[in-house]
Amino acid sequence: MSKMNPAQRLMRFTGRLRYILGPASSSPLDHEMTPENKALLTSQQAASQAFVTVTRADGSTYLVPKDPNDQSLR
């Protein structure tokens with residue numbers, strides 16, 4: 001038997017509690033991504049690459065567009 005990941009071990013450990021409260025989702029966590037999820041992931045990665053995180057001296061951070069001519073957030 002292969003090693004179980006922490007989520008699977010937790011589900012087995014709380015089996016009796018699930019019997020009382022009702023079943024939880026036990027779908028596999030290591031399945032292939034759907035085409036919709038892949039498209040969403042690539043669009044989110046492209047959106048996140050359009051910004052740079054700037055850290056102030058007090059430790060707080062904020063996002064600034066990489067394009068210096070972009071005035072959308074200013």
Side-chain angles (χ1 to χ4, degrees):
M1 178 179 215
S2 64
K3 285 190 165 188
M4 293 187 291
N5 63 29
Q8 290 171 331
R9 284 188 294 184
L10 178 67
M11 292 298 284
R12 287 202 183 272
F13 180 72
T14 59
R16 289 190 180 159
L17 185 61
R18 287 186 294 141
Y19 179 74
I20 296 168
L21 299 176
S25 175
S26 59
S27 64
L29 300 175
D30 56 349
H31 63 278
E32 291 291 323
M33 289 182 70
T34 62
E36 294 85 15
N37 285 344
K38 287 180 183 179
L40 180 63
L41 178 63
T42 56
S43 68
Q44 288 175 344
Q45 287 175 342
S48 68
Q49 291 176 356
F51 296 96
V52 175
T53 303
V54 178
T55 305
R56 295 182 177 141
D58 64 354
S60 62
T61 59
Y62 60 98
L63 294 175
V64 177
K66 282 187 179 179
D67 183 12
N69 298 326
D70 184 9
Q71 297 293 317
S72 63
L73 297 177
R74 293 182 176 98

Counting distance only, does the side-chain N/O of K66 pair as donor-acceptor with the main-chain N or O of V52 below 3.5 Å?
no

To the nearest 0.5 Å, how far apart are NZ in K3 and CD in Q8?
13.0 Å

May I ask you to check whether over 12 heavy atoms, not counting those of Q45, lie within 6.0 Å of atom CD?
yes

Nearest non-hydrogen partners of K38 and M33, listed with the distance:
CE-O, 3.6 Å

